[in-house]
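Data first, discussion second: the structure below is written as structure tokens.
This one's a predicted model, so the numbers in the text were calculated from it and none came from an experiment.
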Amino acid sequence: MTELVSTTPGLYPLPDWAKQTLSDLKGHQKHDLISGNEGPDIVSAYERAREEVVTEQVDAGLDHIVEGQLRWDDMLAHPLTVHENVETGGIVRYYDNNNFYRDPQVRGELTFSGDVAAELDATADLLGDESLQAVLPGPYSLADLATDEYYGDEAEFLDAVGSFLADEVDAFPDHETLFLLEPSLVESPPGEDIDAQIPEAISAVADATDANVVVHTYWGSLEEKVYAHLMDADVDAIGFDFVAGDRDQTFYNINEYGTKDDIALGLVDGQNTLVEDPATVRERVEWTLDRVQNKTFDTAYVTSNTELFYLPENRATEKLAALAAATEDELEVEA
């Protein structure tokens with residue numbers, strides 16, 4: 001029988017009070033965004049906000065708890081934008097939506113940073129148990145969002161980004177799962193010169209932890225060849241977006257090339273304020289698992305398809321409760 005685990009891919013909206021407080025403290029210009037050298041008032045505000053979103057997840061009943069990535073002004077690019085050997089350039093559109101991030105221009109060796117590990121240490125102290133879930137950009141997406149001004153070769157740069165992320169993971173506190181977010185595999189599929197190297201870069205990050213590793217893809221379905229290569233990565237699960245994109249293509253990939261023993265199901269819309277009913281989410285879980293041929297999963301992570309920071313705080317919180325309730329054993333679902 002498949003174990004259902006409720007979780008999210010992280011990147012939460014700031015609590016409403018924190019938006020104004022941090023805007024006043026940080027300013028409104030590009031150079032006022034997070035750099036990793038914030039003063040005590042800003043640090044304190046983020047600590048309070050982190051405690052609030054962790055508590056919301058625990059109160060909602062989520063099985064795995066994320067840090068929330070509230071400091072990530074640059075969404076997935078954050079681990080690079082705070083690095084000492086990276087300069088932030090102009091504002092770039094974040095994929096095909098109305099969000100933007102600072103272009104991380106890598107101008108030196110990607111040495112160990114420890115920024116994300118510090119966030120997770122603080123979260124682990126709040127939780128005090130084994131429910132912590134770490135979240136990072138996958139190596140391909142992080143490399144895709146950045147500008148290489150140092151390595152000079154696409155393959156070498158991808159390898160360097162993978163090694164950098166592996167070093168970061170090695171410093172993490174104990175965590176139950178690690179989600180590697182790889183929307184670029186959908187939005188900006190790799191060319192033939194680099195696609196076979198991607199599973200190696202992902203495996204390098206996954207090998208740095210004893211936790212279960214999920215490569216979560218979203219904003220559509222993966223191209224067949226990209227999926228076939230991704231299956232070579234040494235991870236425990238691949239995550240799929242069953243809200244956006246071509247679900248038939250996703251099921252074709254899974255049934256044609258197989259998948260891992262675990263799976264992540266992006267079944268709650270991370271960009272729509274309509275809050276799904278838990279019974280509806282559970283029906284989607286069962287319908288989706290039934291469409292996978294000749295396979296019973298050990299674990300199915302039930303999650304939103306995308307990050308939740310697109311939503312108002314109250315809607316994001318309500319979606320957490322819906323995800324948690326959808327995985328409860330006693331939930332009644334109409335036949």
If you take all heavy atoms of [X] and [Y], which pair is closest and at what distance?
{"X": "L132", "Y": "A124", "answer": "CD2-CB, 4.2 Å"}
{"X": "H216", "Y": "N305", "answer": "NE2-O, 3.0 Å"}
{"X": "P278", "Y": "A326", "answer": "O-CB, 3.6 Å"}
{"X": "L70", "Y": "P13", "answer": "CD2-O, 3.7 Å"}
{"X": "K319", "Y": "V268", "answer": "CD-CG1, 3.6 Å"}
{"X": "L145", "Y": "A77", "answer": "CD1-N, 4.3 Å"}

Between [X] and [Y], do the side chains contain an N or O donor and an N or O acceptor separated by less than 3.5 Å?
{"X": "S221", "Y": "D246", "result": "no"}
{"X": "E182", "Y": "T217", "result": "no"}
{"X": "D24", "Y": "Q20", "result": "yes"}
{"X": "D74", "Y": "T81", "result": "yes"}
{"X": "E56", "Y": "Y12", "result": "no"}
{"X": "Q271", "Y": "W219", "result": "yes"}

Pairwise side-chain contact, [X] with [Y], heavy-atom cut-off 4.5 Å (strictly under):
{"X": "T147", "Y": "P104", "value": "no"}
{"X": "L180", "Y": "V214", "value": "no"}
{"X": "D63", "Y": "T327", "value": "yes"}
{"X": "L267", "Y": "T288", "value": "yes"}
{"X": "S163", "Y": "L110", "value": "no"}
{"X": "T306", "Y": "L11", "value": "no"}
{"X": "D298", "Y": "E3", "value": "no"}
{"X": "E119", "Y": "R71", "value": "yes"}

Within a radius of less than 6.0 Å around [atom1] of [X], do more than 12 heavy atoms belonging to other residues, nucleotides or ligands occur?
{"X": "D210", "atom1": "CG", "answer": "no"}
{"X": "D96", "atom1": "CG", "answer": "no"}
{"X": "D16", "atom1": "CG", "answer": "yes"}
{"X": "E51", "atom1": "CD", "answer": "no"}
{"X": "D193", "atom1": "CG", "answer": "yes"}

Check against side-chain hydrogen bond (donor to acceptor under 3.5 Å, both in side chains), E67 and W72: CA-CA 11 Å; E67 189 269 338; W72 292 28; 5.0 Å; no
Find out whether the Lys NZ or Arg CZ of R48 is both under 6.0 angstrom from the six-membered ring centre of W17 and within 45° of the ring's axis. yes
So M231 and I238, side-chain contact (heavy atoms from CB on, under 4.5 Å) or not? Walk me through it. CA-CA 8 Å; M231 273 298 294; I238 296 174; 3.8 Å; yes
Are [X] and [Y] ion-paired here, with the side-chain N under 4.0 Å from a carboxylate O?
{"X": "K19", "Y": "E313", "answer": "no"}
{"X": "R247", "Y": "D241", "answer": "no"}
{"X": "K295", "Y": "D261", "answer": "yes"}

Quick one: do [X] and [Y] end up in the same hydrophobic cluster if we chain Ile, Leu, Val, Met, Phe, Trp and Tyr together by side-chain heavy atoms under 4.5 Å apart?
{"X": "F172", "Y": "V82", "value": "yes"}
{"X": "V243", "Y": "L320", "value": "no"}
{"X": "V275", "Y": "V285", "value": "no"}
{"X": "V135", "Y": "L126", "value": "yes"}

Once rounded to the nearest 0.5 Å, what's the spacing between atom [atom1] of [X] and atom [atom2] of [Y]?
{"X": "T299", "Y": "D236", "atom1": "OG1", "atom2": "CG", "value": "9.0 Å"}
{"X": "S113", "Y": "L165", "atom1": "OG", "atom2": "CG", "value": "10.5 Å"}
{"X": "L265", "Y": "S304", "atom1": "CG", "atom2": "OG", "value": "12.0 Å"}

Without swapping roles, check the side chain of E223 against the backbone of L185 for a donor-acceptor pair under 3.5 Å. no
Sub-3.5 Å donor-acceptor pair from the side chain of N253 to the main-chain atoms of L222, do we have one? yes
Give me the ring orientation class for [X] and [Y]: parallel if the planes are under 30° apart, tilted from 30 to 60°, perpendicular past 60°.
{"X": "F242", "Y": "F240", "answer": "tilted"}
{"X": "Y257", "Y": "Y252", "answer": "perpendicular"}
{"X": "H64", "Y": "Y301", "answer": "tilted"}
{"X": "F164", "Y": "H83", "answer": "perpendicular"}

Going through the distances and angles, do H175 and T209 end up as a side-chain contact (heavy atoms from CB on, under 4.5 Å)? CA-CA 9 Å; H175 49 286; T209 179; 2.8 Å; yes
Step-by-step side-chain hydrogen bond (donor to acceptor under 3.5 Å, both in side chains) determination, D234 to S203: CA-CA 5 Å; D234 186 17; S203 295; 5.5 Å; no
W287 ring center near F251 ring center (under 6.0 Å): yes
Are the aromatic rings of H229 and Y227 close, with centres under 6.0 Å apart? no
Are F157 and V106 close enough, and set up right, to give a side-chain contact (heavy atoms from CB on, under 4.5 Å), and what steps lead you there? CA-CA 10 Å; F157 184 49; V106 178; 3.9 Å; yes
Quick one: ring-ring contact (aromatic ring centres under 6.0 Å, His included) partners of Y310, sequence neighbours excluded? none
Quick one: do E318 and N314 satisfy side-chain hydrogen bond (donor to acceptor under 3.5 Å, both in side chains)? Show the steps, please. CA-CA 6 Å; E318 290 170 6; N314 62 331; 4.6 Å; no
side-chain hydrogen bond (donor to acceptor under 3.5 Å, both in side chains) between T177 and N212: does it pass, once the steps are laid out? CA-CA 5 Å; T177 48; N212 292 327; over 6 Å; no
Would you please test T123 and V66 for side-chain contact (heavy atoms from CB on, under 4.5 Å) and show each step? CA-CA 8 Å; T123 309; V66 299; over 6 Å; no
